[in-house]
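Structure, as structure tokens:
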Amino acid sequence: MSQPEAFGRYRVMRRLGSGSFATVWLAQDDLLNYPVAIKVLAENWAHQMDIQHRFLEEARILRQTDSTWLVAVHDVDVLPDGRPYMVMTYADQGSVADLIHRGQLPLDEALRLLTEIGQGITVLHNHGTIHRDIKPSNVLLQSSPVGQRVLVADLGFAKSIDEASGFTAAAGTPGYMSPEQSMPGGDLDVRSDVYSLGAVAYELITGRPPSRPPVRIAPGRIRPGLPPALDELILSALSVDRESRPADAKTFTDRVRAIRMSSDLPQDIPWWQRYRMPWPRAGALTAVCGLLALGLTTSLGVPGVSLSTVRYADQELRVDVPTAWAREFHTDQEARPAAAEAGAGPGLLVATGADEWHNTDVPSYGVYATVVPGAPDLRNVADTDPCPKPPEERMVDTPHWEGGLWEWPDCNGGAFTAAAVHPPGTPRTVYLEIRQPDYRPDLVDKIIAGVRLR
Ligand SMILES: Nc1ncnc2c1ncn2[C@@H]1O[C@H](COP(=O)(O)OP(=O)(O)OP(=O)(O)O)[C@@H](O)[C@H]1O
């Protein structure tokens, strides 16, 4: 296909690739000065109503879900010759398939990617949609201020959960699709996507997709030294009997996250040796040197993000903070009213802007931590509505920390987390607030794992 000059106001730069139904182009939005990816339905399909309907349905689902973990659709239109096109976020770092082909991924990175893919599929399941074609080439990567972000793409086979429980034509990609998907008329539910998540997990960890079902070779036999819980989780997701799989993407993802946070995860090549992070921004390191000179502790590298350890002697508290956020700090920052009422003293704030901390309408990224007596429930410590929309709740249950956290993945253009965690059996709680430019639950988990109370 020859390269067109433009689609509407979008100037075409080059072809990104073609799939069975469409071609995707990199284009420039000259008005907003931003690159976009434009997917155009192929000419031979453009006049088939069912294919056109599916194409628009994909665009609608992506528009309605509007999630950090899914490719976003900004617009749709029709070319003069009748071919519809959708304008999407440009994923500038290729796909997870490309990444796997480059060589074995460090385990921590494989699990980080898996968690983010699981988050994307969870958003779809919550929306009432089954993806039906999860595979590494349909998971794209985009650079973000905190590293690399996963964008689940290609919902060309997606189906609403209600429709999928009736008659469904066979669809998916062999090697990744569940046994029930290969049976025409098979009655599907979200557990088909759980099977595909298991297949993607298998490939992320071993470098190769699983055999056809039933899968009998555990990933640990190909890559020795994996935590047994990871082998069990992946094999259970790949069960032929869907009753034996995790119930949905969220259950699967929560288990991956718990395994990633457990202290016995073998450490292999740190991923920061393979990928350069776009930070630190100018000024951040100077600020950290300032902190060190004031008696706070050393900085260290942690896979994925450069973290600095900051100690608050008054509260015998140590927190790891992304170095790029360590521009300003306070050791006397007032807790929010709910935490203060629960007995929190002044806390430690390390952030890009201390004055803006309590106003989530104004960007400021960093970590706030303070100690609260006893082991109060999160409800008694955190404010219920620092951000619009209700929070997503998740439990923390690791050898070092127990408790819960509330997350607002989309809080006025950033993400906000409030957590109340305490060491098992210890009546002292750490109340934390984390504000990020992009929602990265793996970073939240790292920060919590790095907290120490003396
Ligand atoms: N938003 C995007 N940003 C960057 N590249 C993209 C984007 N969307 C798709 N691509 C790339 O364009 C190519 C075609 O994508 P498309 O989704 O049409 O098909 P596919 O997934 O390769 O194949 P099929 O639809 O047959 O499974 C792929 O190489 C894909 O990685």
Side-chain angles (χ1 to χ4, degrees), residues 1 3-4 7 10-29 32 34-46 48 50-63 65-77 79 83-102 113 116-117 120-121 123-124 129-144 148-159 169-177 181-182 192-193 196 199-200 203 209:
M1 178 197 249
Q3 178 168 324
F7 297 116
Y10 306 99
R11 185 163 48 86
V12 175
M13 316 285 285
R14 66 181 165 86
R15 197 172 71 97
L16 290 167
S18 296
S20 334
F21 296 98
T23 298
V24 181
W25 301 88
L26 171 63
Q28 179 73 8
D29 180 344
L32 299 178
Y34 211 73
V36 290
I38 299 190
K39 185 168 182 171
V40 189
L41 191 58
E43 216 160 344
N44 47 327
W45 295 111
Q48 285 211 21
D50 55 335
I51 305 280
Q52 238 192 55
H53 174 78
R54 205 157 78 188
F55 187 83
L56 288 173
E57 191 54 24
E58 172 180 8
R60 267 187 218 115
I61 296 169
L62 289 169
R63 180 71 222 154
T65 44
D66 189 23
S67 155
T68 319
W69 311 113
L70 302 175
V71 164
V73 166
H74 309 295
D75 203 359
V76 287
D77 211 338
L79 293 172
R83 285 176 297 154
Y85 66 90
M86 64 176 101
V87 182
M88 305 179 279
T89 320
Y90 168 48
D92 58 344
Q93 297 202 355
S95 72
V96 166
D98 304 331
L99 202 60
I100 293 171
H101 290 147
R102 270 180 235 143
L113 290 164
E116 294 188 10
I117 299 166
I121 304 302
V123 171
L124 287 177
T129 300
I130 309 176
H131 187 293
R132 294 207 302 165
D133 199 17
I134 305 165
K135 56 181 172 178
S137 61
N138 280 344
V139 180
L140 306 179
L141 297 164
Q142 187 198 28
S143 25
S144 87
Q148 194 183 50
R149 183 154 65 113
V150 149
L151 294 174
V152 173
D154 204 349
L155 271 70
F157 287 148
K159 236 185 167 30
T173 304
Y176 303 96
M177 68 187 194
Q181 266 173 280
S182 58
S192 291
D193 281 351
S196 307
V200 170
E203 187 163 352

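All ligand and atom numbering here is 1-based and tracks the order in the structure.
- Using a 4.0 Å cut-off between heavy atoms, K135 contacts ligand 1 through its side chain alone, with no backbone atom that close.
- Closest protein heavy atom to atom 29 (O) of ligand 1: L16 O, 4.2 Å.
- For the pair R83 and F7, the cation does not sit on the ring face, since its NZ or CZ is not both under 6.0 Å from the ring centre and inside 45° of the axis.
- Of the possible donor and acceptor atoms, one in the side chain of H131 sits under 3.5 Å from a partner among the backbone N and O of A153.
- Closest to atom 15 (O) of ligand 1 among all protein heavy atoms lies V24 CG2, 3.7 Å.
- Remark: E203 does not engage K135 in a salt bridge, criterion side-chain N to carboxylate O under 4.0 Å.
- A salt bridge is absent between R132 and D154: the closest approach of a Lys/Arg side-chain nitrogen to an acidic carboxylate oxygen does not fall below 4.0 angstrom.
- Atom 25 (O) of ligand 1 has its closest protein heavy atom at D154 OD2, 3.0 Å.
- Here T23 has no heavy atoms under 4.0 Å from ligand 1, in either its backbone or its side chain.
- Between G19, S20, A42, it is S20 that holds the heavy atom closest to atom 26 (O) of ligand 1.
- Which parts of ligand 1 touch N138 is read off a 4.0 Å heavy-atom cut-off, strictly below it: atoms 21 (O).
- Considering only heavy atoms from C-beta on, L41 comes within 4.5 Å of F21 through its side chain.
- Between the side chains of Q142 and Q93, not a single donor N or O lies within less than 3.5 Å of an accepting N or O.
- Nearest protein heavy-atom neighbour of atom 3 (N) of ligand 1: A91 N, 3.0 Å.
- Not a single heavy atom of F21 lies less than 4.0 angstrom from ligand 1.
- Considering only heavy atoms from C-beta on, Y10 comes within 4.5 Å of D75 through its side chain.
- For atom 1 (N) of ligand 1, the nearest protein heavy atom (residue, atom name, distance) is T89 O, 2.8 Å.
- Short contacts between ligand 1 and M88, defined as distances under 4.0 Å to a heavy atom of the residue, involve ligand atoms 1 (N), 8 (N).
- Protein heavy atom closest to atom 28 (C) of ligand 1, with residue, atom name and distance, is G17 CA, 4.7 Å.
- Between N138 and D133, the shortest heavy-atom contact is ND2-O, 2.9 Å.
- Numbered from 1 in the order shown, with element, the atoms of ligand 1 that lie under 4.0 Å from a heavy atom of A37 read 1 (N), 2 (C), 3 (N).
- No heavy atom of Q142 sits closer than 4.0 Å to any atom of ligand 1.
- In the candidate list L141, L140, L62, L140 is nearest to atom 7 (C) of ligand 1, counting heavy atoms.
- Listed for the D193 side chain is no donor-acceptor partner under 3.5 Å among the backbone atoms of I121.
- Ion pairing between a basic and an acidic side chain is recognised when a charged N comes within 4.0 Å of a carboxylate O; E57 and R54 show no such pairing.
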